[in-house]
Amino acid sequence: MASRPAVRIRAPGAVLVHHDCMLLTRLAEVSREVAATAARSRKTALLAELFREAEADDVPIVIPYLAGRLPQGRLGVGWKVLGRSVPPAAGPSLTVREVDARLTELGKVSGPGSQAERTRIVGELMGAATGDEQRFLLGLLTGEVRQGALDAVAVEGLARATGADPADVRRAVMLAGSLQTVAQALLADGPGALERFRLTVGRPVLPMLAHSASSVAEAVDRLGACAVEEKLDGIRVQVHRDGDTVRIHTRTLDDITDRLPEVSAAARRLPGERFILDGEVISFDAGGRPRSFQETAGRVGSRTDVAKAAAAVPVSPVFFDVLSVDGRDLLDLPLAERHARLTRLVPEPMRVRRTVASGAADIPEAERFLADTLARGHEGVVVKALDAPYSAGRRGASWLKVKPVHTLDLVVLAAEWGHGRRTGKLSNLHLGARDRDGAFTMLGKTFKGMTDAMLTWQTERLRELAVEDSGWGVRVRPELVVEIAYDGLQRSSRYPAGVTLRFARVIRYREDKRPEEADTVEALLAAHPEVGP
DNA sequence: TTCCGACAGTGGGGTCGCAAT
DNA sequence: ATTGCGACCCCACTATCGGAA
């Protein structure tokens with residue numbers, strides 16, 4: 001860090017000329033401008049301009065801030081701490097480095113009395129910020145910047161600021177697993193620095209993601225020759241082994257090595273010294289059936305007594321891809337070749353089950369595979385083009401997941417006011433099923449699946465049905481029937497039926513149906529015998 | 001000119017761990 | 001001991017921009 005003192009400009013309206021440290025007010029200004037324009041090209045240009053202004057020491061702060069993230073990651077600061085408002089400062093004085101230093105301090109606070117201490121630090125910071133700066137900081141700390149530009153636009157802006165090829169920057173970010181690292185190297189050494197970012201064992205890369213398809217037939221039609229793999233309902237993991245050292249990362253690249261000793265042990269038993277594997281961690285019961293996602297996730301989330309958790313709910317790694325073997329980067333190889341290498345490294349029981357479909361003629365076989373996979377208790381399948389490379393960090397169109405969808409006709413019991421672009425619209429619906437008394441039992445909420453037109457319509461309709469208007473939304477007469485899609489039931493301690501819908505979303509309103517025709521809790525439970533209340 | 005891929009936004013539920021009550 | 005909060009797992013879907021076709 002530079003030893004020069006922070007520039008302080010006290011007079012409101014002073015001309016913000018500075019050569020040392022970037023002022024927070026400049027970031028807040030750019031963020032506001034970015035939010036105000038819809039054109040992505042203009043957003044990119046605004047970010048690029050700011051990145052060019054940034055000093056070397058500002059870069060690791062400015063880049064993540066404008067990408068809507070904190071360099072420290074999350075800080076244990078939420079609405080509880082941010083809730084109280086603090087009178088804003090008269091004029092801008094904060095530098096981004098000063099803000100960063102205070103947030104770093106904030107992240108270190110722990111132990112009894114920490115909440116008060118965090119509140120004090122946040123209050124002090126907010127008190128030194130102008131109204132605009134406060135709004136920017138609030139968005140940053142709560143993860144809701146709402147400027148319509150996060151990582152992807154920041155990458156574009158970075159490319160433009162440095163003259164690098166955007167595709168090269170994107171790839172470097174995927175391989176580094178971090179925008180900051182790449183940004184710093186790029187701004188310090190220019191586009192040539194991008195070559196330093198290669199796939200490295202021990203350094204996690206962003207995993208490839210999948211799109212959805214509504215059926216196996218549709219997926220095979222779209223992809224042609226493909227692998228159909230079982231989709232396990234567990235936690236995605238990337239396992240790196242370098243000799244005796246094993247590291248395990250989640251989808252967001254968090255390091256969870258210490259929580260999964262049996263996975264590390266399994267990786268050490270494989271016949272290879274250096275590799276990177278992609279797969280899923282899941283728990284099977286004594287009969288070899290997969291346990292619920294809730295059980296697996298609870299186990300993987302346990303940190304305090306790992307040995308005890310592992311004894312109660314042991315997990316197994318099940319792999320489906322290999323990204324690197326013995327120093328060779330396999331990302332650009334087609335899936336067919338990567339899989340051939342996977343079979344040499346990982347024995348069958350530790351691999352995802354699969355079948356291969358060469359084209360439309362194999363659709364019946366692929367459908368049988370899906371049915372069999374579901375019968376064995378799994379979530380569905382992922383259909384993958386055999387000729388596709390591993391697109392790190394992308395939601396490539398070459399992986400398509402297919403899961404069964406259930407539907408119900410439920411009754412709207414209440415609706416909550418939306419935020420952001422849904423401000424002024426009733427958005428989040430409370431959903432109820434009929435119970436034995438002819439009343440309705442709440443099963444969960446959803447805000448998904450509505451078009452803007454539906455939002456407008458339901459806001460008006462639900463207002464007509466309102467029996468109570470509170471700050472958060474309205475409770476309504478239970479008269480409106482809505483068709484809901486969901487992925488299954490899960491146990492719940494929050495809702496009275498002891499279960500709730502997983503991934504509920506609206507398909508359409510059923511104005512042709514009366515609430516007495518809505519589905520019942522009883523029928524729902526009967527349809528999902530695997531989930532007892 | 002039209003189509004479609006990629007992104008951002010809008011939140012859902014559960015579980016764990018920590019601090020406050 | 002219980003409760004509340006934040007982080008981090010899982011996630012679906014729509015609107016929009018801008019390059020591809």
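Nothing here was measured: the structure is a model prediction, and the numbers come from that model.
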Checking ring-ring contact (aromatic ring centres under 6.0 Å, His included) for the pair A/His430/A/Tyr495: CA distance, chi angles, key distance, verdict? CA-CA 11 Å; A/His430 295 200; A/Tyr495 292 109; 8.5 Å; no

Can you give the donor-acceptor pairs under 3.5 Å from side chains of residues 445-455 of chain A to other protein atoms, not counting sequence neighbours?
| unit_1 | atom_1 | unit_2 | atom_2 | d |
| --- | --- | --- | --- | --- |
| A/Lys445 | NZ | A/Glu416 | OE2 | 2.9 |
| A/Thr446 | OG1 | A/Lys448 | N | 3.1 |
| A/Thr446 | OG1 | A/Ala504 | O | 2.7 |
| A/Thr451 | OG1 | A/Met454 | N | 3.2 |
| A/Asp452 | OD1 | A/Arg421 | NH1 | 3.4 |
| A/Asp452 | OD2 | A/Arg421 | NH2 | 3.1 |

Distance col, row A/Phe197:CZ vs A/Leu186:CG, nearest 0.5 angstrom, shows 8.5 Å

Which of residues 218-229 of chain A sit near DNA chain B, with a heavy atom under 4.0 Å from it? none

Could you grab the distance from atom CG of A/Leu260 to atom CZ of A/Arg299, nearest 0.5 Å is fine? 5.5 Å

Rounded to whole angstrom units, what separation is found between the CD atom of A/Gln458 and the C1' atom of C/dC13? 14 Å

Check this for me, if you would: do A/Glu230 and A/Arg354 make a salt bridge, where the nitrogen-to-carboxylate-oxygen distance has to be below 4.0 angstrom? no

Does the pair A/Arg171/A/Asp332 count as a salt bridge with the N-to-O cut at 4.0 Å? yes

So which one's nearest nucleotide on DNA chain C is more toward 5', A/Met450 or A/Arg40? A/Met450

Euclidean distance, atom CG of residue A/Leu70 to atom P of C/dG6 [Å, nearest integer]: 14 Å

Base, sugar-phosphate, or nothing: which does A/Ala485 touch, judged by heavy atoms less than 4.0 Å apart? nothing

Name the residue closer to the 5' end of DNA chain B, choosing between A/Thr446 and A/His211 according to the nucleotide with the nearest heavy atom. A/His211

Looking at A/Arg475 and A/Asp469, does any basic side-chain N land under 4.0 Å from a carboxylate oxygen? no

Suppose the criterion is salt bridge (charged side-chain N to carboxylate O under 4.0 Å, His left out): which pairs have a residue in residues 497-509 of chain A, not counting sequence neighbours? A/Asp233-A/Arg502, A/Glu483-A/Arg508, A/Asp487-A/Arg505

Look only at the side chain of A/Thr500 and the backbone of A/Ser492, and say whether a donor-acceptor pair between them is shorter than 3.5 Å. no

Donor-acceptor side-chain pairing of A/Ser283 and A/Glu295 below 3.5 angstrom: no

Can you tabulate the close N/O pairs, meaning under 3.5 Å, that link protein atoms to atoms of nucleotides 1-4 of chain C?
none

Under the ring-ring contact (aromatic ring centres under 6.0 Å, His included) test, which residues partner A/Trp457, sequence neighbours left out? A/Tyr509

Please name the pair of heavy atoms, one in A/Leu194 and one in A/Ala164, separated by the smallest distance, quoted to 0.1 Å. CD1-CB, 4.1 Å

Once you apply a heavy-atom cut-off of 4.0 Å, does A/Val300 come out as touching a base, just sugar-phosphate, or nothing? nothing

In Å and rounded to the nearest 0.5 Å, what is the CE to CG distance from A/Met208 to A/Leu335? 8.5 Å

What's A/Glu144 touching, base or sugar-phosphate or nothing? Going by heavy atoms closer than 4.0 Å. nothing

d(A/Leu179 CG, A/Arg170 CZ) to nearest 0.5 Å is 12.5 Å

Sort out the partner of B/dA20 for me: Watson-Crick or G-U wobble, both distances under 3.5 Å, none otherwise. C/dT2

Quiz question: by atom type and distance under 3.5 Å, do the side chains of A/Asp278 and A/Tyr390 form a donor-acceptor pair? yes

Between A/Val216 and A/Val381, the two heavy atoms sitting closest are CG2-CG2, 4.1 Å

Using heavy atoms and a sub-4.0 Å distance, could you list which residues of residues 43-50 of chain A are near DNA chain C? By number, please. none

Within residues 109-122 of chain A, find the residues that approach DNA chain B with a heavy atom at under 4.0 Å, and present them sorted by residue number. A/Ser110, A/Gly111, A/Pro112, A/Gly113, A/Ser114, A/Gln115

Smallest separation among heavy atoms of A/Gly424 and A/Thr459, with atom names: O-CG2, 4.0 Å

Rounded to the nearest 0.5 Å, what's the gap from CG on A/Leu426 to CG on A/Leu462? Could you check? 6.0 Å

Separation between CG of A/Leu106 and CG of A/Leu75, rounded to the nearest 0.5 Å: 5.5 Å

Counting the atoms with a prime plus P, OP1 and OP2 as sugar-phosphate, which does A/Tyr486 contact under 4.0 Å by heavy atoms, base, sugar-phosphate, or nothing? nothing

Please, which pairs that meet side chain to side chain donor-acceptor pair (under 3.5 Å) have at least one residue in residues 32-42 of chain A, sequence neighbours excluded? A/Arg32-A/Asp132

So that I can tick it off, tell me whether A/Arg222 and A/Glu218 are bridged by a salt bridge, with the cut-off set at under 4.0 angstrom between side-chain N and carboxylate O. yes

Any residue of residues 408-421 of chain A with a heavy atom less than 4.0 Å from an atom of DNA chain B: A/Glu416, A/Gly418, A/His419, A/Gly420, A/Arg421

Answer with base, sugar-phosphate or nothing: what part of the nucleic acid does A/Leu501 contact at a heavy-atom distance below 4.0 Å? nothing

One thing to verify: whether A/Glu229 and A/Arg353 come together as a salt bridge, which I'm taking to mean a side-chain N less than 4.0 angstrom from a carboxylate O. no

Kindly say if A/Ser41 contacts the phosphate of C/dG18, meaning a side-chain N or O under 4.0 Å from OP1 or OP2. yes

Just the atom pairs and distances: protein N or O near nucleotides 8-12 of chain C's N or O, under 3.5 Å.
| unit_1 | atom_1 | unit_2 | atom_2 | d |
| --- | --- | --- | --- | --- |
| C/dC9 | OP1 | A/Asp254 | OD2 | 3.3 |
| C/dC9 | OP2 | A/Thr250 | OG1 | 3.3 |
| C/dC9 | OP2 | A/Thr252 | OG1 | 2.5 |
| C/dC10 | OP1 | A/Arg236 | N | 3.0 |
| C/dC11 | OP1 | A/Lys231 | NZ | 2.9 |
| C/dC11 | O2 | A/Lys448 | NZ | 3.4 |
| C/dA12 | OP1 | A/Lys403 | NZ | 3.2 |
| C/dA12 | OP2 | A/Lys401 | NZ | 3.2 |
| C/dA12 | O3' | A/Arg505 | NE | 2.8 |

Counting only non-hydrogen atoms, which of residues 155-171 of chain A are less than 4.0 Å from DNA chain C? none

Remember a base hit wins even if backbone is also touched, and classify A/Val506 as base, sugar-phosphate or nothing at under 4.0 Å, heavy atoms. nothing

May I ask you to decide whether A/Arg160 forms a salt bridge with A/Glu156, counting only side-chain N to carboxylate O separations under 4.0 Å? no

Nt span of DNA chain B in reach of chain A heavy atoms at under 4.0 Å, 5' end first, is B/dG5 to B/dA20

Below 4.0 angstrom, N of the basic side chain to O of the carboxylate: do A/Asp258 and A/Arg303 qualify? no

